[in-house]
Amino acid sequence: MTDSRGLLFIVSSPSGGGKTTLIKEAMKRLAAFDIQSHFSISHTTRPARPAENDGVDYHFVSREEFESMEVKAQFLEWAEYAGNLYGTSREEVENRLSRGIDVFLDIEVQGANQVKTLVPAVVKIFIYPPSYGVLKERLVQRRQDSPKAIQRRLQWAQREFGVAGEFDYAIINDRLEEAADALTGICLAEHHRSERMKPRLDLIREGFKRNLEEEFSA
Ligand code: ADP
Ligand code: 5GP
């Protein structure tokens, strides 16, 4: 909309914090502003949950396949989380950004730091659950993880809060509508940064100057 290259957004939160839900909501709302976006599909060695599909929620791969991709530098970033490997395909992200499509990465905090080093313009957003009790309840209600996996994710959340202050934006995912509005608003605001608007603003200024000269030079 405002720039020829798409913008890269990282959305992090503890597992169950609401990243997937909020990104999908924000993408729908951004489409109404003619902003095209893409939700990057990561590769992982984690087994698929009952409701997940290969190539839709993740590319589910073996540890050997993952390591082979890593050796070939096919990941923009990767990290180990709760005993499983997760990585973002460099090609998938670059392909969209170069076509002017925004990309959302749903990744944990170690990966977010790697991307920031490689792509300084990335916008990092951290989603907070309103409380411990609510996060636990959402993980239980999602019915996708065992009690042991839920415990590991809650323990991991505590570590993630430790670095969440380094993110550009924070959203508390209490009421879904408000949190989705906040995420959409952040993305819109980033599109309206002066430097990102420059190509379009230059066109307006040039046209203005031309019209002014045409009208008053005769
Ligand atoms: P993540 O992608 O961060 O792991 P999800 O988007 O899968 O989290 O959300 C975890 C669960 O919480 C899902 O069942 C989702 O429907 C629910 N959820 C997310 N946000 C809210 C909210 N604001 N209010 C109530 N339930 C929510
Ligand atoms: P889950 O197993 O709950 O789907 O994801 C566990 C964690 O891994 C979440 O915090 C999620 O954001 C993160 N994650 C998912 N894909 C990637 C990825 O490609 N890279 C990194 N670094 N983290 C990821």
Side-chain angles (χ1 to χ4, degrees), residues 8-28 38-61 65-66 69-70 74-93 103-119 122 124-131 133-146 148-164 167 171-183:
L8 184 59
F9 296 102
I10 290 179
V11 182
S12 290
S13 81
S15 185
K19 296 173 293 288
T20 315
T21 310
L22 290 176
I23 292 173
K24 287 184 176 165
E25 257 319 301
M27 286 174 70
K28 278 192 242 156
H38 172 74
F39 196 158
S40 167
I41 303 170
S42 296
H43 287 71
T44 185
T45 61
R46 168 170 75 64
R49 293 176 182 137
E52 288 178 332
N53 292 305
D54 189 30
V56 176
D57 301 286
Y58 280 103
H59 299 289
F60 294 98
V61 294
E65 285 174 276
F66 193 100
M69 287 184 72
E70 204 271 302
Q74 289 175 352
F75 291 125
L76 177 64
E77 62 72 39
W78 67 274
E80 182 152 5
Y81 178 99
N84 297 303
L85 303 176
Y86 296 82
T88 304
S89 156
R90 188 185 292 280
E91 198 270 329
E92 180 181 333
V93 172
V103 176
F104 285 98
L105 303 183
D106 160 352
I107 64 175
E108 52 65 70
V109 296
Q110 307 163 71
N113 287 338
Q114 292 174 46
V115 177
K116 180 76 189 174
T117 311
L118 290 167
V119 188
V122 67
K124 290 166 59 190
I125 303 148
F126 197 90
I127 313 285
Y128 285 78
S131 67
V134 169
L135 180 60
K136 187 173 169 196
E137 184 59 21
R138 285 183 189 160
L139 283 168
V140 171
Q141 288 297 324
R142 191 166 66 177
R143 296 172 200 280
Q144 296 286 311
D145 296 291
S146 67
K148 185 74 194 156
I150 290 179
Q151 183 191 338
R152 289 183 89 177
R153 282 171 158 67
L154 289 168
Q155 283 165 335
W156 214 276
Q158 178 71 13
R159 292 199 212 171
E160 292 170 315
F161 291 148
V163 292
F167 279 61
I171 297 175
I172 300 169
N173 182 17
D174 190 355
R175 282 187 291 272
L176 189 59
E177 286 296 304
E178 282 174 25
D181 279 347
L183 182 56

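Worth knowing before you read on, the calculation uses all heavy atoms, side chains too, and leaves out hydrogens, waters and symmetry mates. A quick note: this is a predicted structure, and the numbers were derived from the prediction, not measured. Numbering starts at 1 and runs along the sequence shown. Numbering of ligands and ligand atoms starts at 1, following listing order.
- Two rings, from Tyr86 and Phe66, have their centers 6.0 Å or more apart.
- Side chain of Lys19 to main chain of Ser13: a donor-acceptor pair is present (N/O by atom type, distance under 3.5 Å, no hydrogens or angles).
- Nearest-heavy-atom check against atom 24 (C) of ligand 2 across Ile107, Val109, Leu76 picks out Ile107.
- Distances from ligand 2 to the non-hydrogen atoms of Gln114 include no value under 4.0 Å.
- The backbone N or O of Phe75 lies less than 3.5 Å from a partner atom in the side chain of Arg90, making a donor-acceptor pair.
- An N or O contact shorter than 3.5 Å is missing between Glu52 and ligand 2 by distance.
- Atom numbering of ligand 2 starts at 1 in the shown order; those under 4.0 Å from a heavy atom of Glu77 are 18 (C), 19 (O), 20 (N), 21 (C), 22 (N).
- Taking a 4.0 Å cut-off on heavy atoms, Ala179 fails to register as neighbouring ligand 1.
- Atoms of ligand 2 found under 4.0 Å from any heavy atom of Ala79, numbered from 1 in the order shown, are 22 (N).
- Around atom 19 (O) of ligand 2, the closest heavy atom drawn from Ser12, Ser89, Ser15, Ser42 belongs to Ser42.
- Judged by distance alone, with hydrogens and angles left aside, the side-chain atoms of Glu92 form a donor-acceptor pair with the main-chain N or O of Ile41 at under 3.5 Å.
- In this structure, Trp156 has its ring center closer than 6.0 angstrom to the ring center of Tyr81.
- The residue Arg152 has no part lying near ligand 2, judged by heavy-atom distances below 4.0 Å.
- Residue contact check: Arg49 has heavy atoms under 4.0 Å from atoms 1 (P), 2 (O), 3 (O), 4 (O) of ligand 2.
- At least one N or O atom of Thr20 sits closer than 3.5 Å to an N or O atom of ligand 1.
- For Lys116, the NZ atom is densely surrounded, since the number of other residues' heavy atoms within 6.0 Å is greater than 12.
- Surrounding CZ of Arg138 are more than 12 heavy atoms belonging to other residues, nucleotides or ligands, all under 6.0 Å away.
- Regarding atom 4 (O) of ligand 2, its nearest protein heavy-atom neighbour is Tyr58 OH, 2.6 Å.
- When the options Tyr81, Tyr86, Trp78, Trp156 are ranked by their closest heavy atom to atom 2 (O) of ligand 2, first place goes to Tyr86.
- Under a 4.0 Å heavy-atom criterion, Asp174 is in contact with ligand 1.
- The atoms of ligand 1 that sit less than 4.0 Å from any heavy atom of Ser13 are 3 (O).
- With Gln114 contributing its side chain and Leu76 its backbone, the two residues share no donor-acceptor pair below 3.5 Å.
- In this structure, of Gln141, Arg143, Arg138, Lys19, the residue bringing a heavy atom nearest to atom 26 (N) of ligand 1 is Arg138.
- The backbone N or O of Ala180 sits nowhere less than 3.5 Å from a side-chain atom of Glu177 that would complete a donor-acceptor pair.
- Counting only distance, with no hydrogens or angles, the side chain of Asp54 and the backbone of Phe60 share a donor-acceptor pair below 3.5 Å.
- Under a 4.0 Å criterion applied to the non-hydrogen atoms of Leu176, ligand 1 contributes the atoms 20 (N), 23 (N).
- For ligand 1, the atoms sitting less than 4.0 Å from at least one non-hydrogen atom of Thr21 are 5 (P), 6 (O), 9 (O), 15 (C), 19 (C), numbered in the order shown with element in parentheses.
- Under the 4.0 angstrom criterion for non-hydrogen atoms, His43 is not in contact with ligand 2.
- Of all protein heavy atoms, the one closest to atom 11 (C) of ligand 2 is Asp106 OD1, 3.4 Å.
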Test log, rule ring pair (Phe, Tyr, Trp, His ring centres under 6.0 Å), inputs Phe9 and Phe104: CA-CA 5 Å; Phe9 296 102; Phe104 285 98; 5.3 Å; yes
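- Using a non-hydrogen distance threshold of 4.0 Å, Gln110 does not register as a contact of ligand 2.
- No donor-acceptor distance shorter than 3.5 angstrom exists from the side chain of Thr45 to the backbone of Val61, with no hydrogens or angles considered.
- Applying the 4.0 Å criterion to heavy atoms of Arg46 picks out, from ligand 2, the atoms 1 (P), 2 (O), 4 (O).
- No donor-acceptor distance shorter than 3.5 angstrom exists from the side chain of Gln158 to the backbone of Gln155, with no hydrogens or angles considered.
- At the top of the distance list for atom 10 (O) of ligand 2, counting protein heavy atoms only, stands Glu108 CB, 3.5 Å.
- Contact annotation: Phe75 has no heavy atom less than 4.0 Å from any atom of ligand 2.
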